[in-house]
Visitor: 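Sending over a structure as structure tokens; questions will come in a sec.
Order of appearance sets the numbers: ligands from 1, and atoms from 1 within every ligand. Values in this document were obtained by computation on a predicted structure and should not be read as measured data. Position 1 is the first residue of the sequence; numbering continues from there.
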Amino acid sequence: MNDRREFLKLSVAGTAALVTGCTPRSTKEEIPGVMDRDPMTTGGAIVISTWAHGMTANAKAWSVLDQGGSVLDAVEHGVRVVESDFGNRSVGLGGTPDRDGFVTLDACIQDHDGRAGAVAFLQRFENPISVARAVMERTPHVMLVGIGAERWAIENGFDRKEIEIPEVRKAWQEWLVESEYRPVVNIENHDTIGMVAMDANGRMAGSCTTSGMGYKIHGRVGDSPIIGAGLFVDGDVGAACATGVGELVIRTAGSHTVVELMRQGVEPVDACRETVLRILKKNPELEEMQVGFLALRKDGAHGAWAIYEGFDRAVRTEQGEELVPSGFERTWVRGR
Ligand code: ASP
């Protein structure tokens, strides 16, 4: 194994009793329903998300929990921060476009009891994760896609966001020169935000949102909105989410595989690693394609593993926040 630091696990459930300090209360923001609830203790709660942009997302999710929001509120509002950051080139409307120059968005959300909602191939909405949650809560379905999803979103009170981001257009025009579809390890055409969380009462939820692989074929949908691939939550066991080349994750039902391994008693980090190894075994020719999984078990233990080095997860607990490097199978030499 390449990274011993991976085994530094935060056993939040075990250490929470030692914590006497209080998290400073953050400024309240409009989150439907949250203002009416009693603040709850965050002791034992944990929020984990993919990549460095997970730090700001976690901070938001934590403040939602701190204000008495549910864990579902937390994972929704946490990733919204990244979706609404139009400077982010891999999530939301600032994301990398497809090969025809359109930014198309995928997202899903799942609660402790396995209820789920998803949208895919959605254009011109700032917060697909909230549309996904509404699909879960207001329809008998799990997933809506494309024009149907957009029409339904408008009918249900979501506004279109007509925004032209010059950097997105410029990147696409530059890409057109060679028009080569080539996923690159750990750079901005290759991210997602996936978040898994547990509140102080042990309730879990997860969310996942992305603009998908840069310069994909128009209409391509990745793993991120697919329950069991980009995200899977089973409150009886734990939760997992994925980042990286979605096709590889879908073929292995990646996040579901991680959770099922944990159900069989495999440690979170080993469940992530085993799933990565399955991908490598089935695709021996695989070069320069990243996939990373992160897992949270219901006792607060967590872990992550990736094909290539460089996949970090942001972890927020009552003890503070940190960016933890995941273990990996292969080292990456930039520019080789
Ligand atoms: N998993 C996303 C997708 O395949 C992209 C990524 O995480 O980089 O669309």
Visitor: Hey, does K282 have a side-chain heavy atom less than 4.5 Å from the side chain of R251?
Guide: no

Visitor: Side chains of L122 and D106, heavy atoms from C-beta outward: is any pair under 4.5 Å?
Guide: no

Visitor: For ligand 1, which atoms, with element, lie under 4.0 Å from some heavy atom of G212?
Guide: 9 (O)

Visitor: Does ligand 1 come near enough to V245 that some N or O of the ligand is less than 3.5 Å from an N or O of the residue?
Guide: no

Visitor: Take W51 and F311 through the ring-ring contact (aromatic ring centres under 6.0 Å, His included) test and state the conclusion after the steps.
Guide: CA-CA 6 Å; W51 306 104; F311 171 45; 5.2 Å; yes

Visitor: S224 heavy atoms, cut-off 4.0 Å: which ligand 1 atoms fall inside?
Guide: 1 (N), 2 (C)

Visitor: Any N or O of E247 that comes nearer than 3.5 Å to an N or O of ligand 1?
Guide: no

Visitor: Which of the numbered atoms in ligand 1 are under 4.0 angstrom from any heavy atom belonging to T243?
Guide: 7 (O)

Visitor: If hydrogens are left out, which of V91, I193, T192 has an atom nearest to atom 7 (O) of ligand 1, that is, the closest non-hydrogen atom?
Guide: T192

Visitor: Which word best sums up how the rings of F102 and H218 line up, parallel for under 30°, tilted for 30 to 60°, or perpendicular for over 60°?
Guide: tilted

Visitor: Below 4.5 Å, heavy atoms only, C-beta onward: do L277 and W305 meet side chain to side chain?
Guide: no

Visitor: Quick one: are V142 and V135 in side-chain contact, heavy atoms under 4.5 Å?
Guide: no

Visitor: With only distance considered, is G222 within less than 3.5 Å of ligand 1 through an N or O on each side?
Guide: no

Visitor: Please verify whether a non-hydrogen atom of Q290 lies at under 4.0 Å from ligand 1.
Guide: no

Visitor: Go through ligand 1 atom by atom and flag the ones less than 4.0 Å from a non-hydrogen atom of D223.
Guide: 1 (N), 2 (C), 3 (C), 4 (O)

Visitor: Could R297 and E267 be called an ion pair, given the rule that one side-chain N must be under 4.0 Å from one carboxylate O?
Guide: yes

